[in-house]
There are 2 protein chains.
Amino acid sequence: MSENKKRVLIVEDDKEIRNSFVVIVNSSSQFNVVNGYSSCEEAIKHLNADKPDIVLMDIELPGGMNGIKGAKIIKDKWPTADIIMVTVYEDSDLVFEALKSGASGYITKSANYRELLSALEEISKGGAPMSSKIARMVIDNFHVNPNSPLTKRETEILQLISEGKTYTQISEQLFISKETSKTHIKNIYAKLQVNCKSEAIAKANSEKLI
Amino acid sequence: MSENKKRVLIVEDDKEIRNSFVVIVNSSSQFNVVNGYSSCEEAIKHLNADKPDIVLMDIELPGGMNGIKGAKIIKDKWPTADIIMVTVYEDSDLVFEALKSGASGYITKSANYRELLSALEEISKGGAPMSSKIARMVIDNFHVNPNSPLTKRETEILQLISEGKTYTQISEQLFISKETSKTHIKNIYAKLQVNCKSEAIAKANSEKLI
DNA sequence: GTCAGTTACCCAACATTGGGGTATTCGTTC
DNA sequence: GAACGAATACCCCAATGTTGGGTAACTGAC
C-alpha cells in the first residue's frame, strides 16, 4: 500500500547521489520518495504539499542555505518530520551543530544501500541512527569532567550560582556565613579564571564542571 | 590468546544475573571476565589488580554506593575502563545521570546473549552501545527549543551574558547603548521569569534556548 | 604532622545589576 | 492607516557584586 509508506524527502544538490538515494529508498516496501530537491529553499517551499515523514538532508549545500539552517526551518514549519543529516564529514562541531538544529540522525554519504535503509528503519521506530564514532562523541559530550579543579563545596556553590542564588541566599542555604560564600566564590573565579557569576556558569557548562 | 582478550569486570548484586553474564562474556573469543563483584566498593578495592578494559555496571545496587557513584569513582581511579551501565530502567533522568557519571554505554538487564556481546563489541571499537530509545533521548537532548519565547536579538544577548559579558561590554559589542542592553535583558528576565543573569543562563540551558 | 578544604572575618572603593518607568523608529500584518 | 512586535534609547535609585588586598582557626585524610 503506497498510502502506508513513510514519505521520504531528499535534499541533496549532487544529482547522481540524489538519484541513487531515490532508487534505494523506493526499493523498500516501507518507504517512498515524495520529492527530491537540490536546495533547502525549494524543499521548504513545497513542505505542505510533500508532507515528509523523513527528510534526508545534505549538510553541504551550495547557495544561500546550508543543511543546518534548513533543518531548523523545516523543523519549524513541519515539526513531525524526522531529519537525517547526510554528510561527508564527521567533524565534531558540525555534528553538534547539526544535532542542535533538530536532526535526529546522522549518516555519511559513503553509506551503502543497507546502511541507508537501516537508518531509515531506525529513525522510523523512534531511534537515532548514527555511526559508532558519532554515538561515542555524543555520549562523551555528557560526561562531567573528572578532572575538575573545583572542590566539592565549590561545585556545590557553583550549582547554586547557576540557580541564580545571591551570596546571601547561598550562605543561608548552606548554613555558612555570607563571607564564606564570598571566599568560595572568589576561589572559584580564580580557578576558572573568570570574574563574574555568569561567566563562571558559562565556563562550567563548556568544561562540564556541573 | 587469553592475553589479547579484553578484560571485563562485572558489578552486579544478583548472583544469577552475574553468573549468566560471566558465561556469556566468557563464551566470546574476544572477551574474558576478570572478576565479578556484588558491590562497587569491592570492585573499586581490586581495580589495580583487575585492570578492566570494560566494566558492566549495575545501576541499582544495594548498600552504600549505587552504580552511578561507582562509575564516577572507577573512571577516576581507572580512567581507561569503558563503562556499560546495566539497568532495568530507561528513565530519562537516570540515563542522563548515568551518562554524566562517565558511562559510555547503556543496556537493559533483559539483554540477551547477542545484545550483550554486541554491546561489548560496539564499545570495544570505540562506539557507544545503547537502545534505539535511549539514542533518541540523547539526541533529543541536543535539540534547541524551536519554540523559544525570545527574539533573535534577545537570544544573541543571552549568549553574550553566558560569556560573562556586562551590560557595558554587550552594548559595545552590539553597537547599541548600555540602556538598550538593559532593556533587552529586562525583557529576557520577564519572559524567562527570572531576575538575574546566572539564573537566566541556567534556565536557558535547561530549556535549550541557546 | 602536614596539607587541602572549609569555615570566618576585615576594609573600602568601585562597578554592575535590578526594578520601575517612558518613548521613538521601523517593519509587518491586518 | 492602525496596530503590533521588535529594537532602540533614556531616566532614577537602591541593592548587590567585584576587586584586592589580607588573616586565621578547625577538620579530616594521607
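Excluded from the calculations below are hydrogen atoms, water molecules and symmetry mates; all remaining heavy atoms, backbone and side chain alike, are included. Chain letters run A, B, ... following the sequence lines, proteins first and then strands; every chain starts at 1.
At a non-hydrogen distance threshold of 4.0 Å, nothing from residues 198-210 of chain B comes into contact with DNA chain D.
OP1 or OP2 of C/dG18 sits under 4.0 Å from a side-chain N or O of B/Y189.
Between the side chains of B/S132 and A/E122, at least one donor N or O sits under 3.5 Å from an acceptor N or O. Side chains of B/E12 and B/S38: no donor on one and acceptor on the other come within 3.5 Å. Judged purely by distance below 3.5 Å, without hydrogens or angles, the side chains of A/T87 and A/E60 pair a donor atom with an acceptor atom. At a cut-off of 3.5 Å, with distance as the only test, no side-chain donor of A/S124 or A/Q30 sits close to an acceptor on the other residue. Residues A/S171 and A/T168 have side chains that never bring a donor and an acceptor to within less than 3.5 angstrom of each other. A donor-acceptor pair shorter than 3.5 Å can be found between the side chains of B/N35 and B/Y37.
Per the geometry, CD1 belonging to B/I188 stands 16 Å off C1' belonging to D/dG5, to the nearest Å. Here the P atom of nucleotide D/dT16 and the CD1 atom of A/I161 are 16 Å apart, to the nearest Å. Atom NZ in A/K197 sits about 17 Å away from atom P in D/dA15, given to the nearest Å. Going from atom CD of B/Q169 over to atom P of C/dT16 covers 8 Å, rounded to whole Å. In this structure, B/K165 atom NZ and D/dG17 atom P are separated by 22 Å, rounded to whole Å. Rounded to an integer number of Å, the gap from OH of A/Y167 to P of C/dG18 is 13 Å.
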Go through the steps for A/D58 and A/K109 under the test salt bridge (charged side-chain N to carboxylate O under 4.0 Å, His left out), then give the verdict. CA-CA 9 Å; A/D58 187 13; A/K109 286 199 182 178; 3.2 Å; yes
In 5'-to-3' order, the base (B), backbone-only (S) or no-contact (-) status of each nucleotide in nucleotides 1-11 of chain C, using a 4.0 angstrom heavy-atom cut-off, is ----SSBBB--
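Residues B/K5 and B/F31 share a closest heavy-atom pair of CD-O, 3.6 Å.
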